[in-house]
Number of protein chains: 2
Amino acid sequence: MAGFLSVAGLSSVLRPALKLCNLNMRSHSKSREKRVTIKDIAKVAGVTHGTVSRALNDSPLVKVETAKRIKRIAKRMGYRPDRIAQSLKRRRTKTIGLIIPDILNPFFATITHGVEEKATELGYHVILVNTNRDLVREASEIKLLCERKVDGLVICPISYGSAKHLRRFKNESPFILLGSNMPGLVVDYVVSDDVQGAYLATTHLIDLGHRRIAHISDPSNTSPAESRTTGYKKALLERKIRVEENLVVPGGANIDSGYNAAGKLFEMPDPPTAIFAANDLTAIGVLALAKERNISVPEELAVVGYDDIEIAKYVEPPLTTVAQDKRRLGRLAVQLLCDKLNSQEETDIHQIVVQPTLVVRASSRTASKSVLNLSKVTVESPSS
Amino acid sequence: MAGFLSVAGLSSVLRPALKLCNLNMRSHSKSREKRVTIKDIAKVAGVTHGTVSRALNDSPLVKVETAKRIKRIAKRMGYRPDRIAQSLKRRRTKTIGLIIPDILNPFFATITHGVEEKATELGYHVILVNTNRDLVREASEIKLLCERKVDGLVICPISYGSAKHLRRFKNESPFILLGSNMPGLVVDYVVSDDVQGAYLATTHLIDLGHRRIAHISDPSNTSPAESRTTGYKKALLERKIRVEENLVVPGGANIDSGYNAAGKLFEMPDPPTAIFAANDLTAIGVLALAKERNISVPEELAVVGYDDIEIAKYVEPPLTTVAQDKRRLGRLAVQLLCDKLNSQEETDIHQIVVQPTLVVRASSRTASKSVLNLSKVTVESPSS
DNA sequence: TATATTTATACACACGTGTGAAAAAACCAG
DNA sequence: CTGGTTTTTTCACACGTGTGTATAAATATA
């Protein structure tokens, strides 16, 4: 005992620690070793687990000297907190759920990137759920994630039909809608100004001299789908061009749908000279069919997409498209969500609308023509 | 009161339930309502929470009649289990961690798709971690996921350097390597036969008459990177073509790296007539530069990629590539992992090697030439 | 020295669920 | 009705952590 006092603190650390090591070694030789808990540390340090808990959480209630000693012991014993137990007690899991319809779509992959990145920065983990556009699954997963006590949810809704589930789980976990909002549901969301984006795209085509401009719409029942069609029509109306409903055909968020929709348009007696697709993948499908039919783009047909996914610039010809900063959208959503989590004020809601920009590439512009003067337009040269 | 009794059994359910509803209503009017726990159910049902727990888990220790009654009450009260508390007690979270280097690469996005899909089927949730190829982050995240008590991990390693961390956490959570294995580390993995894939690709180019075949390698220190270079050289050696080390230039898993690497190759006094890129994105970069320099593909330069990501078929010209069933790889990894979790035998390890196939498209074949007769080769017509 | 005041630690309960073992209830044979 | 057997429920503790309060120790004040 007397010896202890001389080295003050250190000795009392080392000896019992070694003792406990031996205790642990007694477990089934090759099998998994038992986890070190704060109780084990307490035993070694000669204090109660309560004190250890406080020490590790830097509570001012424990003497700094003791705290240091306990932390040393904890480190030496290889202590690592059990996040599950913490979650149960602290009533937050530091986890958010991300629900997206289709991870294979680069649009959502990039959003996921932004979400994961920001979440990590803020100390959260992301549970990823890919619904494959299944509304039933979306609902059941929201439920499951709530049971799992995620602190919040970022949801990219599939359709207005989601509103029903959302309303139901509103009080369970706070959530942010991403990419699409819900009419009649007062919630936080981060969206892009899709009306404006579609308006820019269509106006661009009109400026190039096109009058028969088709639109391959997104048939999903969501706000971006609706808004893009709205923006398209708005541009036409504003320029006194008649909106022909048969020039608006439904597509989908994949390449095949564009291919098929283009087929219908090409078959028309008086086919369009330009196509505005609600989605880059759809637009790529259009390009694929155009090539197959030897329809030269942009000379015989101008094509504009939406989203500016990475490959848009590498398809042939490079695709003019409306760019959304998808990564930023994801980051914003998480930021918003976590702000909400950290402020008890449940009252004020935030709704962020991000402005898209038009990126002009070769699919809507012959090599010679150029010099556009629209605001919010980026013109990319192929060699930049 | 009397009316209730006639319905035998229902009455005892309804009345106390309503009572409790009132109790809950007393919370701050608009704020979050208190969760229903098994104790609440117990109070209403007039039993202990232990019995409720057993009833809800279909334990044979509770009378079926009682169990039914309890379940009815639970449903009526809107009970939903607290998965965190369950996890703490049951010692498993029904969660797996997925660690990937780059979600923006469609290759990993598709793997993620497969992993999430299979995990859902088996009742697991997936925590997604995107490391951005940061080895330090990979290590710290493995640690964090272990603290979170994920039941297992699926890891797409960034480099052999990962082995260090992996060894360290081997006893914490079981894991499966996906896409790349680790020499000197005896663990379960699911990989593709990359030597064979690269061999197929290179042989294909040789069969087309090419002799100066460059290889844009993946400079990462991983088994697929190594193996693809190995397969490339193996094919050359087998056909008695000298391996020129300066025809092997490093790339990376993105478009720019291919663009840059192609630049170096084109600059050579005696440039290659064919390029085998270790990655589709890299190959797409090659195509981009070739177009810029007016080098026609495949006439002046044949290009072959690896992975067969979705857009490979839509770039110009459509890209010949080595196809891996990425979704299947992801599903297999999860299947393997969960098998491991459900069998206590920690002894036997499983190592699955999936065979890739060559998909021939226009980037390595002129429209006229065709009729190849290699086994494991798919020839896609542009219109299929 | 005794008392008030501050500081540090111990104690005990809590989070929501699961479970072995004791206790109670129901059933059965004599 | 007794004693034994089986079925059903209760009791009490556990998982690993956090935290309010009581208690003990150290320090300051009178």
Side-chain angles (χ1 to χ4, degrees), chain A residues 9 12 24 32-71 73-74 77-95 146-151 172, chain B residues 12 24 32-71 73-74 77-94 146-151 172:
Chain A
S12 61
N24 273 351
R32 203 146 299 163
E33 9 183 326
K34 200 182 171 305
R35 290 288 317 228
V36 178
T37 73
I38 55 172
K39 289 187 184 174
D40 299 325
I41 299 175
K43 217 169 288 175
V44 174
V47 295
T48 40
H49 77 274
T51 304
V52 175
S53 171
R54 288 197 166 89
L56 296 178
N57 290 309
D58 295 310
S59 159
L61 291 180
V62 51
K63 185 154 54 164
V64 283
E65 202 183 331
T66 320
K68 272 185 190 165
R69 191 169 63 89
I70 290 177
K71 282 181 181 173
I73 297 178
M77 294 176 70
Y79 169 74
R80 297 235 310 291
D82 183 324
R83 304 296 181 186
I84 296 296
Q86 281 188 338
S87 295
L88 179 58
K89 192 62 200 180
R90 292 182 173 168
R91 326 243 46 160
R92 51 187 193 146
T93 56
K94 288 298 222 174
T95 303
C146 286
E147 291 180 359
R148 235 176 233 282
K149 300 281 180 294
V150 292
D151 293 337
E172 301 251 356
Chain B
S12 61
N24 274 351
R32 203 146 298 158
E33 11 184 322
K34 201 181 171 306
R35 290 288 318 229
V36 178
T37 74
I38 54 172
K39 289 186 185 173
D40 299 326
I41 300 175
K43 216 169 290 175
V44 173
V47 295
T48 36
H49 77 274
T51 304
V52 174
S53 172
R54 288 196 166 89
L56 296 178
N57 290 308
D58 295 311
S59 158
L61 290 180
V62 49
K63 184 155 52 165
V64 285
E65 199 182 335
T66 321
K68 272 186 192 164
R69 190 169 63 91
I70 290 178
K71 282 181 181 172
I73 297 179
M77 292 176 72
Y79 170 74
R80 297 234 311 289
D82 184 324
R83 304 296 181 186
I84 297 294
Q86 282 188 336
S87 296
L88 179 60
K89 192 63 198 176
R90 292 182 174 169
R91 326 244 43 161
R92 48 181 197 150
T93 55
K94 288 300 223 171
C146 286
E147 291 180 359
R148 233 175 234 283
K149 300 281 178 296
V150 292
D151 293 338
E172 301 251 357

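Residue numbering restarts at 1 for every chain, and letters A, B, ... go by the order of the sequence lines. It should be emphasised that the depicted structure is a prediction, and the values quoted were computed from it without experimental measurement.
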K.L.:
Categorize T37(B) for me: base, sugar-phosphate, or nothing, with a 4.0 angstrom heavy-atom threshold over every strand shown.
P.N.:
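Touches sugar-phosphate only.
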K.L.:
For S53(A), check side chain to side chain contact (heavy atoms under 4.5 Å, CB included) against everything at least two apart and list the hits.
P.N.:
I38(A), N57(A)
K.L.:
Tabulated below should be each protein N or O lying under 3.5 Å from an N or O of nucleotides 6-10 of chain C; please produce it.
P.N.:
residue : atom : partner : partner atom : Å
dT9(C)  : OP1  : T66(A)  : OG1          : 2.6
dT9(C)  : OP2  : K63(A)  : N            : 3.1
dA10(C) : OP2  : T48(A)  : N            : 2.9
dA10(C) : OP2  : T48(A)  : OG1          : 3.0
dA10(C) : OP2  : T51(A)  : OG1          : 3.0
dA10(C) : N6   : R54(A)  : NH1          : 3.1

K.L.:
Does T51(B) use its side chain to pair, donor to acceptor, with the backbone of V47(B) at less than 3.5 Å?
P.N.:
no
K.L.:
Should the pair E172(A)-R80(B) be classified as a salt bridge under the 4.0 Å nitrogen-to-oxygen rule?
P.N.:
yes
K.L.:
Between which nucleotides of DNA chain D, 5' to 3', does chain A make heavy-atom contacts below 4.0 Å?
P.N.:
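Result: dG16(D) to dT21(D).
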K.L.:
Report yes if some heavy atom in the side chain of K89(A) is under 4.5 Å from a heavy atom in the side chain of S87(A); otherwise report no.
P.N.:
no
K.L.:
For residues 48-63 of chain A, which residue pairs pass the salt bridge (Lys or Arg N to Asp or Glu O under 4.0 Å) check, not counting sequence neighbours?
P.N.:
D58(A)-K71(A)
K.L.:
Could I get the full list of salt bridge (Lys or Arg N to Asp or Glu O under 4.0 Å) partners for K94(B), not counting sequence neighbours?
P.N.:
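By the salt bridge (Lys or Arg N to Asp or Glu O under 4.0 Å) rule, K94(B) matches no residue at all.
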K.L.:
Scan residues 85-94 of chain A against DNA chain C and write down, sorted by residue number, each residue with any heavy atom closer than 4.0 Å; if none is found, say none.
P.N.:
L88(A), K89(A), R91(A)
K.L.:
Could you grab the distance from atom OH of Y79(A) to atom CG of D40(A), nearest 0.5 Å is fine?
P.N.:
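Going from OH on Y79(A) over to CG on D40(A), the span is 10.0 Å.
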K.L.:
Would R148(A) and T93(B) count as having a side-chain donor-acceptor pair, cut-off 3.5 Å?
P.N.:
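Looking only at side-chain atoms, T93(B) and R148(A) do not form any donor-acceptor pair under 3.5 Å.
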K.L.:
Mind calculating the distance between NZ (K39(A)) and P (dA12(C)) to the nearest angstrom?
P.N.:
13 Å
K.L.:
The test is side-chain contact (heavy atoms from CB on, under 4.5 Å); show your working for R35(A) and K149(B) and say whether it passes.
P.N.:
CA-CA 11 Å; R35(A) 290 288 317 228; K149(B) 300 281 178 296; 3.4 Å; yes
K.L.:
Working to the nearest 0.5 angstrom, can you tell me the gap between H49(B) NE2 and I41(B) CD1?
P.N.:
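The CD1 atom of I41(B) is 11.5 Å from NE2 of H49(B), to the nearest 0.5 Å.
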